[in-house]
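Written out below as structure tokens is the structure these notes cover.
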Amino acid sequence: MAKKVRVRFAPSPTGGLHLGGVRTVLYNYLFARQQGGDFVLRIEDTDQSRYVPGAEEYIYECLKWCGLQPDESPQAGGPYAPYRQSERKDLYRQYAEFLVQEGKAYYAFDRPDELDSMRERFKTAENPSPQYDHKVRMQMRNSCSLTFEETERLLADNVPHVIRIRMPENETVTFTDMIRGEVSFHTELVDDKVLLKADGMPTYHLAVVVDDYLMKITHAFRGEEWLPSSPVHVLLWKYLGWEKDMPQWAHLPLILKPDGNGKLSKRDGDRLGFPVFAMNWTVPGTNELTKGFREIGFLPEAFINMLAMLGWNDGTDQELFTLDELVQKFSMDRVHKGGAKFDFEKAKWFNHEWIKKSEVGRLKPEVRKTLEQQGISVNDDVKLETVIALVKERCTFIADFVEQARFFFQTPQQWDLDAIKPKWNEAKQAFFGDVINYLQQQTNWVAADLEHGFKELAAAKQIKPGEVLLPLRIMLVGGKFGPGVFDIAGIIGKEETVKRVSNLLGQL
RNA sequence: GCCGCGUUCGUCUAAGGGCUAGGACACCACCCUUUCACGGUGGUGAUACGGGUUCGAAUCCCGUACGCGGUACCA
């Protein structure tokens, strides 16, 4: 029987959740759901100096908003708890010690300043960043260069030390990446990575292997930036004796900045005027706020859809997918190898499409909330629904409903008079006087009838409808936008329509 | 520097030996609309370069260039 699929998203809680992070979550989630597997959230907080309060809660909130909730997590618990690496601290040391006994790792007592001076000493034009590897190993203070007795004494004296992997000098590590196929590395070019830090915490390298093993992870997806350290991980799986349980790796392509090249960063978003984080993120302490997709009015459906298409497609021309469709159709072998530049214009298009295709009921709570935040009170539920249905196709963001729907609920306070004043005359003034009379006589307030009557009246006065339609719009709406004027009149009602017309007529 | 990974319209991408290299975003034009959108039609626009293999190459192989990633007691 095949092993049950288990995947994990393993962020370190140091700040806002980046687009690329959400995409990694998404691919994990899609794969797990499709395979009937489990999706685990594991918090990789092994660097205590980078602890940021609130960052972990923020991640849960993001996943919740996106609808990508984990089956197991620090919050939800699960059979492999705890899911926070800081709470698993005591677990890791034994594995590192085991590797030392096996001769696959060693103690290193070098102080930070000694490491610096080593790097300084070996630095040349051809080798600008010397590594701690087999070439310098014997010149450093570690259990390879020191005698057994010396090492024992240092350990007994509690001299701060780390445990480093001892990279072999002449091997080739090869594995099959689900996206890239076979990749290989020469071990003599990889450094002796620290496995266990002086504070007793594991580094990512040790923790990811131990926890993936203990948590029975079958497929490990992560960003491409991890590819260069993958030989360390593969070797660790082997040295720990777990080779047959090693997950299948998939290194996802990066999301790049729209201009120039390089990984998309928060800075690029600030610079170019779009969000990079899923939700608003406030840096504790400085209170510096970074805008999120949620807050600028993205629908999670659109956000997810857009992210899914950044590096994957189903081979057809289809671009709009629901989460369920993605679960069905997603496949790792259709994931791109190359990085994708993020295009905010295209992201906006996805959101616009989703607003258009969403049911009124889906939009209603969010639209109501946004309108009310702007001081527009919405008491008539049916009217709100009618309005949403009428204007949603002209909204790219939820916030656009403010402009597009405001005049249905509030009398305009400002009018684009420049649009009508230059061509205004006595005849039009008189005509609108007649319009008011006409409107007041109506007992059956229906848009189509109003339009018909209005045009007949204009014809009777020898006025072309085009001459007076725009003025009417300005009177009702305030500006040159919105749905058909008579639809608007139909919705706001007789009293309000008459009021708006006569109100502005007095100002012309 | 070294190692690894990449490279099709400006952007996201399709086409995994046979095509006038397809779609979408953006842009432009026209139509619809006597507003703004939506919608419709059309247009500009790409296989990084050089060698092979082949009857035939965007597709396979080898170089070159360029880009990115990594080279931390960060993840």
Side-chain angles (χ1 to χ4, degrees), chain A residues 10-14 44-47 49-50 108 110-112 115 119 123-133 160-164 177 179-180 183-186 188-191 193-205 207-208 222-231 251 253-254 256 258-263 306 309-320 334 336-350 352-353 356 391-396 400 403-404 416 419 464-470 472-474 477 479-485:
Chain A
S12 79
T14 52
E44 310 231 334
D45 53 351
T46 54
D47 188 351
S49 68
R50 295 215 298 168
D110 316 275
R111 280 176 276 108
L115 292 174
R119 295 204 171 95
K123 193 169 168 182
T124 61
E126 297 78 46
N127 186 13
S129 35
Q131 307 191 114
Y132 197 124
D133 59 15
H161 62 275
V162 303
I163 292 179
R164 287 179 180 272
D177 185 279
I179 296 171
R180 285 149 220 285
V183 285
S184 42
F185 298 83
H186 300 291
E188 68 269 25
L189 298 164
V190 182
D191 62 335
K193 289 252 182 292
V194 170
L195 266 20
L196 198 74
K197 304 190 249 189
D199 64 3
M201 277 288 194
T203 59
Y204 172 83
H205 307 293
V208 74
R222 64 203 336 185
E224 193 186 351
E225 68 267 30
W226 289 107
L227 204 45
S229 53
S230 59
H251 291 90
L254 267 15
L256 279 10
D259 57 340
N261 290 298
K263 266 202 287 190
M306 177 270 292
M309 302 309 287
L310 225 47
W312 174 87
N313 70 83
D314 76 339
T316 73
D317 286 341
Q318 186 176 348
E319 294 193 271
L320 265 17
R334 289 201 64 90
H336 253 255
K337 294 183 177 75
K341 289 187 182 178
F342 178 66
D343 181 2
F344 189 53
E345 291 305 319
K346 186 79 184 234
K348 276 157 65 176
W349 176 79
F350 275 106
H352 191 186
E353 291 300 312
K356 282 192 290 178
V391 306
K392 64 177 184 173
E393 69 198 25
R394 44 196 91 208
C395 297
T396 298
D400 293 338
E403 183 184 47
Q404 294 296 335
D416 184 0
K464 279 186 280 186
E467 302 272 312
V468 284
L469 241 20
L470 187 62
L472 179 62
R473 169 174 298 279
I474 302 293
V477 175
K480 289 192 284 186
F481 59 91
V485 237

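In what follows, chains carry the letters A, B, and so on, assigned in the order in which the sequence lines appear, proteins first and then strands, with residues in each chain numbered from 1. None of the values given here were measured: they were computed from a predicted structure.
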Separation between the P atoms of B/C62 and B/A46, rounded to whole Å: 29 Å

Base B/A24 paired with A/Lys346 side chain (donor-acceptor, <3.5 Å): yes

Sugar-phosphate only, base, or nothing, as touched by A/Gly482 at under 4.0 Å among non-hydrogen atoms: base

Nearest-0.5 Å distance that lies between atom CD1 in A/Ile474 and atom CG in A/Leu469: 11.0 Å

Touch class at under 4.0 angstrom, heavy-atom based, for A/Arg50 against every strand present: base

Got a list of protein N/O to nucleotides 62-72 of chain B N/O distances below 3.5 Å?
residue: B/G69; atom: OP1; partner: A/Lys263; partner atom: N; Å: 3.4
residue: B/U71; atom: O2'; partner: A/Gln131; partner atom: OE1; Å: 2.7
residue: B/U71; atom: O2; partner: A/Ser129; partner atom: OG; Å: 3.4

Rounded C1' spacing from B/C74 to B/G69 in Å: 15 Å

Rounded distance in Å - CZ (A/Phe342) to C1' (B/G10): 16 Å

Span that lies between the P atom of B/C49 and that of B/A21, in whole angstrom: 16 Å

C1' spacing across the pair B/A14 / B/A58, given as an integer number of angstrom: 12 Å

Sidechain-backbone polar pair: A/Gln131 side chain, A/Leu189 backbone, donor-acceptor under 3.5 Å: yes

Sugar-phosphate only, base, or nothing, as touched by A/Val477 at under 4.0 Å among non-hydrogen atoms: nothing

Test: A/Asp343 and A/Lys341 ion pair at under 4.0 Å: no

Sugar-phosphate only, base, or nothing, as touched by A/Arg334 at under 4.0 Å among non-hydrogen atoms: sugar-phosphate

Pairing residues for A/Trp349 by the ring pair (Phe, Tyr, Trp, His ring centres under 6.0 Å) criterion, not counting sequence neighbours: none

Sequence-distant partners of A/Asp133, side-chain hydrogen bond (donor to acceptor under 3.5 Å, both in side chains), two or more places apart: none

Phosphate-side-chain proximity, A/Asn313 and B/A14, N/O vs OP1/OP2 below 4.0 Å: yes

Set of residues satisfying side-chain hydrogen bond (donor to acceptor under 3.5 Å, both in side chains) with respect to A/Lys346, sequence neighbours excluded: A/Glu319

Sugar-phosphate only, base, or nothing, as touched by A/His251 at under 4.0 Å among non-hydrogen atoms: nothing

P gap between B/G4 and B/G23, integer Å: 39 Å

P atoms of B/G39 and B/G6, separation to the nearest Å: 38 Å

Sugar-phosphate only, base, or nothing, as touched by A/Ala198 at under 4.0 Å among non-hydrogen atoms: base

Pairwise C1' distance for B/U53 and B/U13, with rounding to whole Å: 29 Å

Donor-acceptor pair, side chain of A/Arg394 and main chain of A/Gly482, under 3.5 angstrom: yes

Short side-chain to backbone donor-acceptor contact, A/Arg473 and A/Phe481, under 3.5 Å: yes

A/His352: partners by side-chain hydrogen bond (donor to acceptor under 3.5 Å, both in side chains), with sequence neighbours left out: none

Span that lies between the P atom of B/A29 and that of B/U44, in whole angstrom: 15 Å

Touch class at under 4.0 angstrom, heavy-atom based, for A/Asp47 against every strand present: sugar-phosphate

Under 4.0 Å protein heavy-atom contacts per nucleotide of nucleotides 38-48 of chain B, with B for base, S for backbone only and - for none: SS---------

